[in-house]
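Following: one structure in structure tokens, then a few remarks.
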Amino acid sequence: MAALPPALGKVPVTIVTGFLGAGKTTLISHLIRNAGGRRLAIVVNEFGTLGIDGDILKGCAIPDCPAENVVELANGCICCTVADDFIPTVEHLLALDPRPDHIVIETSGLALPKPLLKAFDWPAIRSRITVDGVIALADAEAVAAGRFATDVAALDAQRAADPGIDHETPLAEVFEDQLACADLVLLTKGDLAGAEGLAAARATIAATAPRPVPVVELVDGIIDASVILGLDAAAEDDIAARPSHHDGEEEHEHDDFDSLVHESCEIDDPATLVTRIEGLARSADVLRVKGYAAVRGKPMRLLVQAVGARVRVQYDRPWRPDEARVTRLVVIAEHDRIDPAVIGAALAG
């Protein structure tokens, strides 16, 4: 049977998941500009109270995806705030005129996609939307380095040799859950990983994913929209085939991770800030830093994006007249590694 046209059928939703810094916002920015004539709506779920990704995507607005079609949820993981945040947001988007042809949800880097899938069974929305596909982004360089490999035999050997070693880290579980739920894996930053790194990353994904899943390589989020939109997976009807470490639990927690917002005055030198963030990643195991910096004497805002000790900065837009010229950075780490005094001192120099 042929699919119903968008006006009569369910609105397709693509869930974009992936570890911290894997390139989700970069991918969606590209989709907004290259949607192939589709009217898009975007839902951005941030971890932390400072909305960086939503602001970036609103800056990409075009007629087929105006700024009002980009909704930011920064009150916690959307799979934990379904009734309060997610359902009203979806209802709002479905009521837009014109109605979106496709909704893209960018989850936080710490989100588990399966609980979000279950939300699509809520009576208020299940007859009007469908999960077109779950797209998992994986940083090829990080995966190739073995940061999320799941070699059970090796872990058992480590435990036997050192009783003090704990089980797999929460980061590994997040990575595994995202792969297990995916209909398609996008292997990002292949230019940094190189041919050998890409091969190693592919091997790790194949060994980790519970079922065969297509893997596509890309750089800088550039991909034909038809590759990832229009999968017609109806993933909400296929939940049983997507195992999770948290299956059987009433709810899941995010207490393994925490965030804080560091705020300071204008800075003199972006290079010095980059060096401080690199040092913080090495000394305090910080996972992610993202935000904006005000550089003295510069009319444009400095966008800061860091994954571990890999830091990227660029001037993204002029400061608006109504904005305070301050530096605000979201810092994310595992719960026990968030020390406001240490992080503040490191970033202040």
Pairwise distance [atom1]([X]) to [atom2]([Y]) - rounded to 0.5 angstrom:
X      : Y      : atom1 : atom2 : answer
Ile222 : Leu27  : CD1   : CG    : 10.5 Å
Arg33  : Leu40  : CZ    : CG    : 12.5 Å
Glu91  : Leu94  : CD    : CG    : 8.0 Å
Tyr292 : Trp319 : OH    : CH2   : 9.0 Å

Report whether [X] and [Y] are members of the same hydrophobic cluster (ILVMFWY, side-chain heavy atoms less than 4.5 Å apart, transitive linking).
X      : Y      : result
Val326 : Ile343 : no
Ile239 : Val90  : yes
Leu347 : Val274 : yes
Tyr315 : Val304 : yes
Leu96  : Ile105 : yes

Who passes side-chain hydrogen bond (donor to acceptor under 3.5 Å, both in side chains) against [X], sequence neighbours left out?
X      : value
Glu266 : Arg296, Arg325
Glu278 : none
Asp269 : Thr272
His30  : Asn34

Whether [X] side chain and [Y] backbone form a donor-acceptor pair below 3.5 Å:
X      : Y      : value
Arg317 : Met300 : no
Arg39  : Pro100 : no
Lys290 : Leu329 : no
Thr14  : Val104 : no

Listing, residues 124-137 side-chain donor-acceptor contacts under 3.5 Å, not counting sequence neighbours, or none:
from, atom 1, to, atom 2, distance (Å)
Arg126, NH1, Asp121, O, 3.4
Arg128, NH2, Ala124, O, 3.0
Thr130, OG1, Glu236, OE1, 3.4
Thr130, OG1, Glu236, OE2, 2.8
Asp132, OD1, Leu231, N, 3.1
Asp132, OD1, Asp232, N, 2.7
Asp132, OD2, Gly230, N, 2.7
Asp132, OD2, Leu231, N, 3.0

Query raised in the report: Does the side chain of Gln178 pick up a donor-acceptor pair with the side chain of Thr17 at under 3.5 Å?
Result: yes
Could you pull out the closest heavy-atom pair between [X] and [Y], with the gap in Å?
X      : Y      : answer
Ile205 : Ala138 : CD1-CB, 4.3 Å
Ile267 : Ala293 : CD1-CB, 4.0 Å
Pro270 : Leu302 : CB-CD2, 3.8 Å
Ile28  : Glu106 : CD1-CB, 3.4 Å

Requested in this report: Show your working on side chain to side chain contact (heavy atoms under 4.5 Å, CB included) between Ile223 and Ile228 and close with a plain yes or no.
Outcome: CA-CA 8 Å; Ile223 192 169; Ile228 58 178; 4.2 Å; yes
Query raised in the report: How far apart are the C-alpha atoms of Leu260 and Ile338, what are their side-chain angles, what is the distance that settles it, and do they pass the side chain to side chain contact (heavy atoms under 4.5 Å, CB included) test?
Result: CA-CA 8 Å; Leu260 61 80; Ile338 285 283; 3.8 Å; yes
Query raised in the report: Checking side chain to side chain contact (heavy atoms under 4.5 Å, CB included) for the pair Leu186/Leu184: CA distance, chi angles, key distance, verdict?
Result: CA-CA 7 Å; Leu186 299 183; Leu184 175 68; 3.9 Å; yes
Query - side chain to side chain donor-acceptor pair (under 3.5 Å) contacts touching residues 191-201 (sequence neighbours left out) - result: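 Not a single pair qualifies under side chain to side chain donor-acceptor pair (under 3.5 Å).
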Results of side chain to side chain contact (heavy atoms under 4.5 Å, CB included) for [X] - residues two or more places apart only:
X      : result
Pro210 : Ala180, Pro243
Ala225 : Leu31, Arg38, Leu229
Ser264 : His262, Thr327

Is there side-chain contact between [X] and [Y], with at least one heavy-atom pair below 4.5 Å?
X      : Y      : value
Leu303 : Gln305 : yes
Val185 : Val216 : no
Cys181 : Leu117 : yes
Val44  : Ile42  : yes

Query - Contact list for residues 178-190, test salt bridge (charged side-chain N to carboxylate O under 4.0 Å, His left out), sequence neighbours left out - result: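 The answer is Asp139-Lys189, Asp183-Arg242.
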Report task. Using the salt bridge (charged side-chain N to carboxylate O under 4.0 Å, His left out) rule, collect all pairs that involve residues 217-231, keeping only residues at least two apart or in two chains. Result ->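 Output for this query lists Arg202-Glu217.
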**Report entry** Trace of the side chain to side chain contact (heavy atoms under 4.5 Å, CB included) decision for Leu218 with Leu187
**Finding:** CA-CA 6 Å; Leu218 76 162; Leu187 202 52; 5.8 Å; no
